[in-house]
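Read the structure below first, then the notes.
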Amino acid sequence: QLLYTSGTTGEPKGALHTSNTHFANLTKIIERQGLTGEHVMFMPSPLAHQTGFLVGMVAPLSLGAKMVLQDVWEPELGLARIQDEGVNFMMAATPFMADLTDHPALSRYDISSFETFLSAGAPIPRALVQRATDRLQAHIVSAYGMTENLLVTSTLLNDPPEKVFGTDGRPVPGAELRAVDPAGKVLGADQEGELQSRGPCHFVGYHKRPELYGMDADGWFRTGDLGRIDADGYVRITGRAKDIIIRGGENVPVVEVEQLLHKHPAIQAAAVVGVPDSRLGERGALYVTLRPGHAFSLEDMKRYLQEQQMAKQYWPEFLCVLDDLPRTPSGKIQKFRLRETAREQFKA
């Protein structure tokens with residue numbers, strides 16, 4: 001398989017997989033989620049994305065399960081698909097879950113067949129996981145992975161709420177995950193570092209880009225993601241290595257700021273990016289989309305973050321409300337495009 005990465009941070013790269021790397025992961029996903037040929041599996045994510053290909057197409061074919069596809073995403077049509085086809089399992093990125101959870105027509109559809117939503121691809125707002133659990137009446141399974149290493153971690157169906165709502169799961173059987181500091185030293189529990197993964201599901205290289213492979217002699221792959229791994233082996237993704245904002249010499253916890261903002265009743269989606277600044281190095285710019293009928297201003301943001309007792313040095317200093325955020329076809333926010341926009345929009 002030759003599949004191009006999503007392009008959330010810049011130029012997509014062609015990742016090469018084999019049947020062995022795929023099935024080393026897929027068999028473990030099926031086992032952990034308890035999937036069988038009796039399941040009805042819904043896939044609205046593109047089949048040219050790893051989620052769509054592996055879970056939307058190969059999984060149901062290998063199980064003999066019913067496959068339900070939706071080629072163009074429209075959330076109410078998605079609710080109708082779940083109702084009419086008796087869907088009980090789906091996997092997709094965060095925006096799909098938010099669209100179903102917050103759709104005003106949700107109560108008009110009988111989705112009582114729905115059991116599990118497996119969400120991966122970007123840090124998942126914890127407030128959304130709780131809201132989706134309540135409104136969809138389903139197990140929300142948080143997971144972490146990439147085109148290159150497939151599904152590395154997931155929560156379990158019987159995990160306690162603090163793991164489901166507060167982490168991105170623990171490694172699937174056969175996968176390993178560790179956090180390292182800038183010098184490559186392996187860190188202990190709850191220490192933030194760059195995540196490295198290893199296992200039989202890892203890709204075998206980038207098409208015509210061997211210098212970018214990023215795999216060391218021991219098989220550890222540099223993911224470019226930042227995270228903390230707790231004493232139980234559960235990871236919490238805290239951002240991308242390229243996603244750090246350094247304001248006045250202090251690292252801003254971008255994901256934590258975004259997670260907090262997602263709890264605001266007016267905000268549908270939020271993304272914080274850095275803007276170059278001659279004095280502080282960088283300042284934060286917040287881009288949001290809003291729920292229908294709501295308004296949100298910079299003063300609203302300041303008042304809210306103060307109420308939530310977030311340190312002022314972490315507050316974004318610019319705000320822009322958009323109809324939609326730039327995304328990949330699989331729904332991930334393209335922060336590099338927001339950075340480009342912010343440089344022009346808010347340049348000193």
Side-chain angles (χ1 to χ4, degrees), residues 5-6 8-9 15 17 20-33 50-51 54-55 91 93-94 118-124 126 129 140-160 162-205 212-244 253-256 259 332:
T5 57
S6 296
T8 56
T9 57
H17 275 279
N20 283 344
T21 61
H22 275 159
F23 278 97
N25 194 237
L26 184 59
T27 53
K28 301 307 179 185
I29 297 172
I30 289 171
E31 178 184 308
R32 180 168 282 191
Q33 301 306 318
Q50 200 66 274
T51 295
L54 199 61
V55 178
M91 179 179 179
T94 304
L118 177 58
S119 184
I124 304 164
R126 306 304 162 192
V129 176
I140 307 302
V141 176
S142 299
Y144 163 69
M146 302 168 64
T147 302
E148 291 90 340
N149 54 15
L150 310 181
L151 200 72
V152 179
T153 71
S154 77
T155 55
L156 280 66
L157 295 176
N158 60 351
D159 271 339
E162 63 267 19
K163 298 298 188 188
V164 175
F165 300 144
T167 78
D168 296 286
R170 68 186 191 194
V172 299
E176 297 176 78
L177 192 68
R178 68 184 187 182
V180 301
D181 68 12
K185 177 186 174 184
V186 179
L187 299 171
D190 297 315
Q191 292 182 284
E192 184 184 74
E194 182 175 355
L195 297 175
Q196 296 182 343
S197 61
R198 182 168 70 174
C201 57
H202 278 58
F203 75 131
V204 296
L212 299 179
Y213 192 31
M215 193 86 73
D216 71 15
D218 295 321
W220 289 101
F221 172 65
R222 295 183 60 185
T223 66
D225 290 311
L226 301 174
R228 295 189 295 268
I229 303 172
D230 68 20
D232 298 320
Y234 285 73
V235 66
R236 178 161 185 172
I237 307 302
T238 56
R240 292 283 296 170
K242 294 180 180 178
D243 198 21
I244 293 174
V254 172
V255 171
E256 291 182 20
Q259 296 274 7
K332 301 178 192 176

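Keep in mind that what you see is a predicted model, and the values were worked out from it rather than measured.
- Salt bridge annotation for Arg228-Asp168: absent, with no cationic side-chain nitrogen under 4.0 angstrom from a carboxylate oxygen.
- Side-chain contact between Cys201 and Lys28: absent, with no pair of heavy atoms (C-beta onward) separated by less than 4.5 Å.
- We find the CG-CG distance between Leu156 and Asp159 to be 4.5 Å, quoted to the nearest 0.5 Å.
- Here the shortest heavy-atom pairing between Gly224 and Glu194 reads N-OE2, 3.2 Å.
- Here the shortest heavy-atom pairing between Tyr213 and Phe203 reads OH-O, 3.1 Å.
- The backbone N or O of Thr155 lies less than 3.5 Å from no partner atom in the side chain of Ser142, so there is not a single donor-acceptor pair.
- From Glu148, atom CD reaches atom CD of Gln50 across 9.5 Å, with rounding to the nearest 0.5 Å.
- In this pair, His17 and His22 present their aromatic rings parallel. The plane angle is below 30°, not in the 30 to 60° band.
- Partner of Tyr144 under the side chain to side chain donor-acceptor pair (under 3.5 Å) criterion, out of Asn149, Thr167, Asp225: Asp225 alone.
- When every heavy atom of Ser197 is checked against every heavy atom of His202, the shortest pair comes out as OG-NE2, 2.7 Å.
- No more than 12 heavy atoms of other residues, nucleotides or ligands lie within 6.0 Å of CZ in Arg222, so this atom counts as exposed by the packing criterion.
- For the pair Gly227 and Ala179, the tightest heavy-atom approach, listed with the atom from each and the gap, is O-CB, 4.1 Å.
- Listed here is the closest heavy atom pair of Ala120 and Met91: CB-CE, 4.0 Å.
- Tested against Val172 for a side-chain contact (heavy atoms from CB on, under 4.5 Å), the candidates Asn25, Val152, Thr153 yield a single pass: Asn25.
- Taking CD of Gln196 as the reference point, atom CZ of Phe221 lies at 10.0 Å (rounded to 0.5 Å).
- How far CD1 of Ile237 is from CG of Leu226: 9.0 Å, rounded to the nearest 0.5 Å.
- Among all heavy-atom pairs drawn from Glu31 and Pro173, the shortest one is OE2-CG, 4.4 Å.
- You'll find the side chain of Leu150 stays beyond 4.5 Å of the side chain of Leu26, heavy atoms only.
- Side chain of Arg32 to backbone of Leu157: no donor-acceptor contact under 3.5 angstrom is found.
- The structure places CZ of Arg170 at 13.5 Å from CD1 of Ile229, a figure rounded to the nearest 0.5 Å.
- Between the side chain of Asp216 and the backbone N or O of Asp218, at least one donor-acceptor pair lies under 3.5 Å.
- Note that CD of Gln33 and CG of Leu151 are 8.0 Å apart. Values are rounded to the nearest 0.5 Å.
- Between Lys163 and Asp232, at least one side-chain nitrogen of the basic residue sits less than 4.0 Å from a carboxylate oxygen of the acidic one, meeting the salt-bridge criterion.
- Arg236 has its side chain within reach of Arg126: a pair of non-hydrogen atoms, C-beta onward, lies under 4.5 Å apart.
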